[in-house]
Amino acid sequence: MDLQQLEEQARQAALKDIQNMLQRPGQLEKVEQYRHRIARKKASVEALLKTGMQGQLDGVRVGLKQLETCMQDVREVRRRMDEVERLLRGVPEVYDALEVVREENTKHSQYATAMENLKHIFNVDASVQKTMALIEDDKLLNAHQCLADLENSRDDLLYELHKQPKQHASDKITLKRHFEKVDTVSQELEKKLRLILSRTLNTLRKKPTIIVTALRIIEREEKNDQFALQQQKVTGFLPPGRPKAWRRMIMDVLQQSVVTRIEGSKLEERADNKMWLVRDLEILRQIILEDLRVVKSLCVPCFPPHYDIFGEYVKFYHEGLSSYLDNIVRSGLEGNEYVSMMAWVTHTYPGVELMSHPDLNVDVHRQIGTLLRPEHLKALEDEYLQNMQRNFQEWMTKAAETEKQEWFTETVPDQDEEYYHTSAPVIIFQMIDQHLQVTNTIHQELTFKALVMSIQQVEIFGQTYLKNVIELKEHHFRNRDQIKYFTHYIITIVNNSQQMVELAQQMKQLYWPKSRTEHYEDFERLLATFQRIRAHAASYLLEEAFLDMECHFNDLFTAKWLASNIAVDTICVTLDDYFQDYNHLRPNNFEMVINEAQKLLAKRYIRALLSKRLSKPRAECDAITRKIKTEAKRFKLFFEKIAPKISLSDSPLDLISTLSALLSSDIELLVLDLHTLLGSYPSLNEDHLVRLFYIRNDVKAAEVREKVQDAMKSKKAMVSIAKQDCIFKEIVFSDKLW
């Protein structure tokens with residue numbers, strides 16, 4: 001930047017400061033103070049600048065001195081490198097000159113090694129025989145010491161050969177052949193250790209020192225393995241047979257002994273005993289519990305801590321047992337074997353009876369997982385449910401067929417407190433309850449699946465049962481002499497259907513989880529099916545009874561009916577006869593049949609009333625009205641007699657008297673009467689009313705239609721209030737009166 005420009009800027013700034021300081025006349029007296037202040041500030045700034053410059057100069061001076069020192073060091077290094085290079089030029093000559101010395105040193109080393117191992121070199125056979133004898137006498141520590149001496153001699157000699165720059169394969173082969181019996185001794189000792197450790201649990205109970213001796217030998221070999229591997233990293237030499245990995249070997253032996261122990265526990269097959277699986281699993285539980293107790297109390301003190309021998313044994317038994325049970329499952333299970341297997345796997349094995357026993361205290365789920373893999377356990381559950389479903393299908397199909405055959409026999413159904421029934425409903429739900437109790441011992445989800453499947457199968461049974469009931473009815477009404485006890489068995493069917501509904505509801509109360517809503521439609525469908533069977537069967541009872549009374553209903557409202565009471569008397573007697581059999585219905589069913597009988601009787605009587613069989617003058621209609629009311633009252637008294645405990649209030653039979661009262665009404669006031677009647681029974685239509693007044697021949701049809709239509713017009717659209725209104729919906733005539 002230009003110095004003149006900087007000087008100009010400084011001058012301008014100074015002028016501005018002076019202007020600011022001398023704005024008032026009184027400030028001129030302080031000019032001298034301002035001058036001293038600015039002089040001090042200037043001196044301070046100059047001192048700071050001098051200090052900064054001095055610091056920079058000192059740094060530059062130090063840097064220059066360090067550079068000078070570095071240059072001197074570089075020159076010294078270069079000089080010494082030149083000297084080293086000069087000296088190295090003579091090394092090849094020295095190396096060649098020392099070749100003889102080097103060869104002599106190698107020979108000396110080999111001779112020294114040979115001298116040290118001379119005893120073993122010349123006495124290999126004797127040492128091998130001695131070691132083999134010690135192994136046979138179970139003096140394993142001494143045997144292992146002799147074996148270690150032989151192996152060390154061999155390995156030292158091989159190492160000396162390995163160090164030679166010019167190696168000859170024939171030398172190594174010769175040396176290995178000379179010591180080949182050492183490998184045989186090592187294999188024999190390994191075989192002996194395998195035998196001892198395969199009987200670990202039994203040996204520990206009697207003489208644990210044998211196991212301790214074997215473990216000491218194995219630990220020594222483990223250290224030798226580690227030393228050999230470290231030496232290989234440095235020298236590239238690895239002695240033959242290393243690493244022996246005897247620790248891994250003993251773990252394999254222990255695991256195999258556990259597998260043999262598990263597989264050897266099986267005493268029976270399915271052909272020998274149906275309870276073979278339960279016995280087998282119980283024997284396994286006792287064996288595993290006892291063995292793990294021995295491991296925890298005797299093995300743990302003998303084995304080194306880093307072996308974690310108890311944890312390893314738990315894993316061995318878990319894996320061996322898992323494989324063993326998996327093979328049993330793959331070979332196929334039958335009947336309750338599924339339940340035994342699942343209950344043992346999910347409850348017994350991880351529970352206090354085995355792994356969670358106070359003496360063991362093993363948390364299976366946290367430490368080693370489930371005995372069977374989840375997908376295998378799921379497949380086992382599915383197979384069990386499929387097997388249960390097949391059994392249900394076969395049994396219920398057979399039960400439905402047996403029931404059907406009984407209907408055509410000439411024997412009266414069984415009675416329970418005078419109510420007809422068969423044992424099928426109780427047996428079906430007892431069978432289901434037994435299965436659900438069993439599945440409840442496994443887990444609730446399986447119980448729910450079994451419950452849903454059972455409900456579905458019972459609903460299928462209900463569909464078959466309904467089909468058979470319809471076939472029974474059709475077969476009977478084609479020839480009513482073929483089935484002797486038709487009425488009795490229809491009563492049985494009604495009672496059975498009601499019992500099926502009650503037992504299903506009880507089962508739901510016992511086993512259906514309150515929080516579950518899925519598959520609830522299956523349960524509703526089951527109830528609806530048996531309610532439908534009950535309703536169908538009840539209607540067949542009344543259909544048969546009313547078929548016997550058909551001719552007497554045809555006599556109603558004829559000249560013959562006016563002259564006598566035979567038709568109504570016969571109807572009451574016939575109904576009374578049938579209701580003697582209906583007393584074998586359970587109370588709820590009897591009440592349902594009573595209500596249906598009243599409804600059907602009222603419908604048939606009203607239909608006869610509207611069938612235009614009579615046409616009389618006004619004077620005679622009063623007598624007809626009285627007769628109708630008398631007969632309606634007689635019907636009600638009949639039902640009160642046969643069912644004194646059932647309320648007959650709002651009986652459909654009351655409709656008979658209500659309609660008959662219109663026959664005596666004044667034609668001028670008919671519209672008011674009809675308006676009241678139509679308000680209570682909206683389903684009463686024009687055709688019904690015109691047919692009713694057909695009985696009065698003093699009233700013209702056109703006049704009746706006019707009154708009816710007026711009443712119909714003033715009628716408000718409304719939902720039926722009277723529960724008997726549905727009767728009018730069911731009374732339909734194919735012909736029209738006008």
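Side chains are part of it too, since the values below use all heavy atoms of this structure and drop only hydrogens, waters and symmetry mates. The residues of the chain are indexed from 1 along the displayed sequence.
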Can you name the residues that form a salt bridge (Lys or Arg N to Asp or Glu O under 4.0 Å) with [X], not counting sequence neighbours?
X    : answer
D414 : none
E401 : none
D522 : R525

Drop me the distance from [X]'s [atom1] to [Y]'s [atom2], to the nearest 0.5 angstrom.
X    : Y    : atom1 : atom2 : result
I490 : E543 : CD1   : CD    : 10.0 Å
I491 : N496 : CD1   : CG    : 12.0 Å
N273 : D280 : CG    : CG    : 11.0 Å
N697 : E620 : CG    : CD    : 8.0 Å
D548 : T570 : CG    : OG1   : 11.5 Å
R586 : E418 : CZ    : CD    : 10.5 Å

What are the two closest non-hydrogen atoms of [X] and [Y], and how far apart are they?
X    : Y    : value
L333 : E337 : CA-OE1, 3.5 Å
G462 : T529 : C-CG2, 3.7 Å
A602 : I656 : CA-CD1, 4.3 Å
L614 : F557 : CG-O, 3.1 Å
A608 : R613 : CB-NH1, 3.7 Å
I642 : F590 : O-CZ, 3.7 Å

Kindly assign one of parallel, tilted or perpendicular to the pair Y338 and Y384, based on the angle between their ring planes and the thresholds 30° and 60°. tilted
Is the number of heavy atoms from other residues, nucleotides or ligands within 6.0 Å of [atom1] ([X]) greater than 12?
X    : atom1 : answer
E550 : CD    : yes
Q580 : CD    : yes
Q444 : CD    : no
I566 : CD1   : no

Go through the steps to decide whether E471 and W407 satisfy the test side-chain hydrogen bond (donor to acceptor under 3.5 Å, both in side chains), and finish with yes or no. CA-CA 11 Å; E471 290 178 359; W407 297 339; over 6 Å; no
Assess, by modelled atom type and distance only, whether the side chains of [X] and [Y] contain a donor and an acceptor separated by less than 3.5 Å.
X    : Y    : answer
Q499 : H421 : no
N685 : H688 : yes
Y419 : N583 : no
Q386 : D382 : no
H376 : E381 : no
Q457 : W395 : no
W344 : E282 : no
T487 : D581 : no
Q505 : Q509 : no
Q498 : R534 : yes

Applying ring pair (Phe, Tyr, Trp, His ring centres under 6.0 Å), can you list everything that pairs with H435, at least two apart in sequence or on another chain? F392
Identify, with sequence neighbours excluded, every residue that meets ring pair (Phe, Tyr, Trp, His ring centres under 6.0 Å) alongside H584. Y420
With a 6.0 Å cut-off on the ring centroids, do F553 and Y605 count as close? no
Is it true that F579 and Y582 have ring centroids separated by less than 6.0 Å? yes
So that I can tick it off, tell me whether [Y] and [X] are bridged by a salt bridge, with the cut-off set at under 4.0 angstrom between side-chain N and carboxylate O.
X    : Y    : result
E544 : K473 : no
K274 : E334 : no
E445 : R516 : yes
D622 : K627 : no

Given I695, which of L610, I624, L662 fulfils the side chain to side chain contact (heavy atoms under 4.5 Å, CB included) condition? I624
Is it true that the NZ or CZ of R607 lies under 6.0 Å from the centre of F733's six-membered ring and within 45 degrees of the ring axis? yes
side-chain hydrogen bond (donor to acceptor under 3.5 Å, both in side chains) against E403, all qualifying residues, sequence neighbours excluded: T422, Y465
Quick one: does any side-chain atom of H536 pair with a main-chain N or O of L466 as donor and acceptor, under 3.5 Å? no
Show, in sequence, the C-alpha distance, side-chain angles and deciding distance for I571 and F635, and conclude whether the side chain to side chain contact (heavy atoms under 4.5 Å, CB included) test is met. CA-CA 9 Å; I571 289 171; F635 287 147; 4.3 Å; yes
Dump the intermediate steps for ring pair (Phe, Tyr, Trp, His ring centres under 6.0 Å) on Y520 and W512, then the final yes or no. CA-CA 9 Å; Y520 198 80; W512 194 285; 5.6 Å; yes
Checking H475 against Q482 for the side chain to side chain contact (heavy atoms under 4.5 Å, CB included) test, could you report, in this order, the C-alpha distance in whole Å, the side-chain angles of both residues, the deciding distance, and whether it holds? CA-CA 8 Å; H475 186 275; Q482 290 183 350; 2.4 Å; yes
Before giving the answer on side chain to side chain contact (heavy atoms under 4.5 Å, CB included), spell out for K636 and S651 the whole-Å C-alpha distance, their side-chain angles and the decisive distance to 0.1 Å. CA-CA 8 Å; K636 287 196 69 174; S651 170; 4.3 Å; yes
Using side-chain heavy atoms (C-beta onward) and a distance below 4.5 Å, is W561 in contact with D555? no
Dump the intermediate steps for side chain to side chain contact (heavy atoms under 4.5 Å, CB included) on N495 and D416, then the final yes or no. CA-CA 11 Å; N495 288 337; D416 178 17; over 6 Å; no
